[in-house]
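Report on one structure; see the data block that follows.
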Amino acid sequence: MEAFKKGPWSKEEDAILLDWVAVNGPHNWSSIQSKGRLMRTGKSCRLRWVNKLRPGLKKGRKFSPAEEEMVVKLQGEIGNMWAHIAQFFLGRTDNDVKNLWSTRKKRLARNKRDLLSSISGNETGMHGPELVNLLIGNPSVSLPSFLSLRRLQLQVLRTRFIFDYLHVR
DNA sequence: AAGCTTACCAACCGCATCGAG
DNA sequence: ACTCGATGCGGTTGGTAAGCT
């Protein structure tokens, strides 16, 4: 039983794969290995072709803000069906869309965390769950003074606006 | 300049589905 | 009807480039 190669693809391997597809078309991936052309699994060959070697792929990688907005919209409508979402973007793969989404998710989680920690030291002395209750509209708390209340209200409004803007739920 | 953090990307894994035999 | 290999997809991980302190 021979071991399959894993990890990054070399230029030579790419050339072999391109050559194979030029002759045989983009299918029968497993026979590339079985005929001794590449020591890669069929899955690995297919993935390499779909994500990197396929003609028409966008080389200038990054998604534009408009594209990102579109991904968010589509994800909201059809869920994590990345392959379907990718069909709306010429030259993008499901992997591209998936990567965009997970990066965005991490970014939003971080923003949310930063925001909560930045408001935890406010002048009312409230923090943690108490303050979160207030932010989500459950002020079962006694406020120190009118002035603090006004300032806090403004802070809450600002925070809610930022949360909405960032689509933080 | 060095070390650390974050964002981005490539590629693997596991699982589901499909079709041929 | 069942098995098994091929294929496709979503989730995840690891490497690295870029930015920041």
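Here is the naming used below: chain letters follow the sequence lines, and residue numbers restart at 1 for every chain. Worth knowing before you read on, the calculation uses all heavy atoms, side chains too, and leaves out hydrogens, waters and symmetry mates.
Closest to the side chain of A:Trp82, from the set C:dG10, B:dA7, B:dA11, is C:dG10. Set against B:dA11, C:dC9, C:dA6, the side chain of A:Asp94 has C:dC9 as its closest nucleotide. The listed nucleotides are B:dC13, C:dG11, C:dG8; the one nearest the side chain of A:Trp29 is C:dG8.
We find that CG of A:Leu47 is positioned 14 Å from C1' of B:dG14, with the value rounded to whole Å. As a whole-Å value, the separation of A:Met39 CE from B:dC12 C1' is 17 Å. For A:Asn80 and C:dT12, the CG to P distance is 10 Å, given to the nearest whole Å. C:dG11 atom P lies 12 Å from atom CG of A:Asn95, rounded to whole Å. The separation between A:Leu100 atom CG and C:dG11 atom C1' is 16 Å, rounded to whole Å. For the pair A:Met81 CE and B:dT17 P, the computed distance is 12 Å after rounding to whole Å. Protein atom CG of A:Leu57 is 14 Å distant from nucleotide atom C1' of B:dC9, rounded to whole Å. A straight line from NZ of A:Lys52 to P of B:dC9 spans 9 Å, rounded to a whole angstrom.
Side-chain nitrogen and oxygen atoms of A:Lys43 include none within less than 4.0 Å of the OP1 or OP2 phosphate oxygen of C:dA6. Phosphate proximity of B:dT6 to A:Arg110: present, with a side-chain N or O under 4.0 Å from OP1 or OP2. The phosphate of B:dC12 (OP1 or OP2) has a side-chain N or O of A:Ser44 nearer than 4.0 angstrom. OP1 or OP2 of B:dC8 has not a single side-chain nitrogen or oxygen of A:Lys106 nearer than 4.0 Å. Between A:Arg46 and B:dA11, a side-chain N or O to OP1/OP2 separation shorter than 4.0 Å is absent. Listed pair A:Arg48 / B:dA10 fails the phosphate criterion, with no side-chain N or O lying under 4.0 Å from OP1 or OP2. Remark: A:Thr103 is not in phosphate contact with B:dA7, judged by side-chain N or O atoms under 4.0 Å from OP1 or OP2.
Counting any heavy atom pair closer than 4.0 Å across all strands shown, A:Lys98 reaches a base atom. When heavy atoms are screened at a 4.0 angstrom cut-off, A:Asn99 is found touching base atoms of the nucleic acid. The residue A:Ser102 sits apart from the nucleic acid: no heavy atom pair falls under 4.0 Å. Backbone-only contact: A:Asn28 has heavy atoms under 4.0 Å from sugar-phosphate atoms and none from a base.
Cation-pi contact between A:Arg40 and A:Trp29: absent, since separation from the ring centre below 6.0 Å together with deviation from the ring axis within 45° is not met. The side-chain tip of A:Arg104 points at the ring of A:Trp101 from less than 6.0 angstrom away and within 45° of straight on.
Smallest separation of non-hydrogen atoms from A:Val50 and A:Leu57: O-CD1, 3.8 Å.
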For this session: Output, in order, the C-alpha distance, side-chain angles, deciding distance and verdict of side chain to side chain contact (heavy atoms under 4.5 Å, CB included) for A:Ile85 and A:Asp94.
Result: CA-CA 7 Å; A:Ile85 292 174; A:Asp94 62 328; over 6 Å; no

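In this structure, the side chain of A:Asp96 does not engage the main chain of A:Arg92 through any donor-acceptor pair within 3.5 Å.
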Seminar exercise, completed: Intra- and inter-strand pairing of DNA chain B, written as dot-bracket with Watson-Crick and G-U pairs under 3.5 Å and | for the latter, reads .||||||||||||||||||||

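Residues A:Trp49 and A:Ser44 are not in side-chain contact: their nearest non-hydrogen atoms beyond the backbone lie 4.5 Å or more apart.
Partner A:Glu13 forms a salt bridge (charged side-chain N to carboxylate O under 4.0 Å, His left out) with one of A:Arg48, A:Arg37, A:Lys5 and no other, that one being A:Lys5.
Clustering ILVMFWY residues whenever any of their side-chain heavy atoms sit less than 4.5 angstrom apart, transitively, puts A:Leu47 in a cluster other than the one holding A:Trp82.
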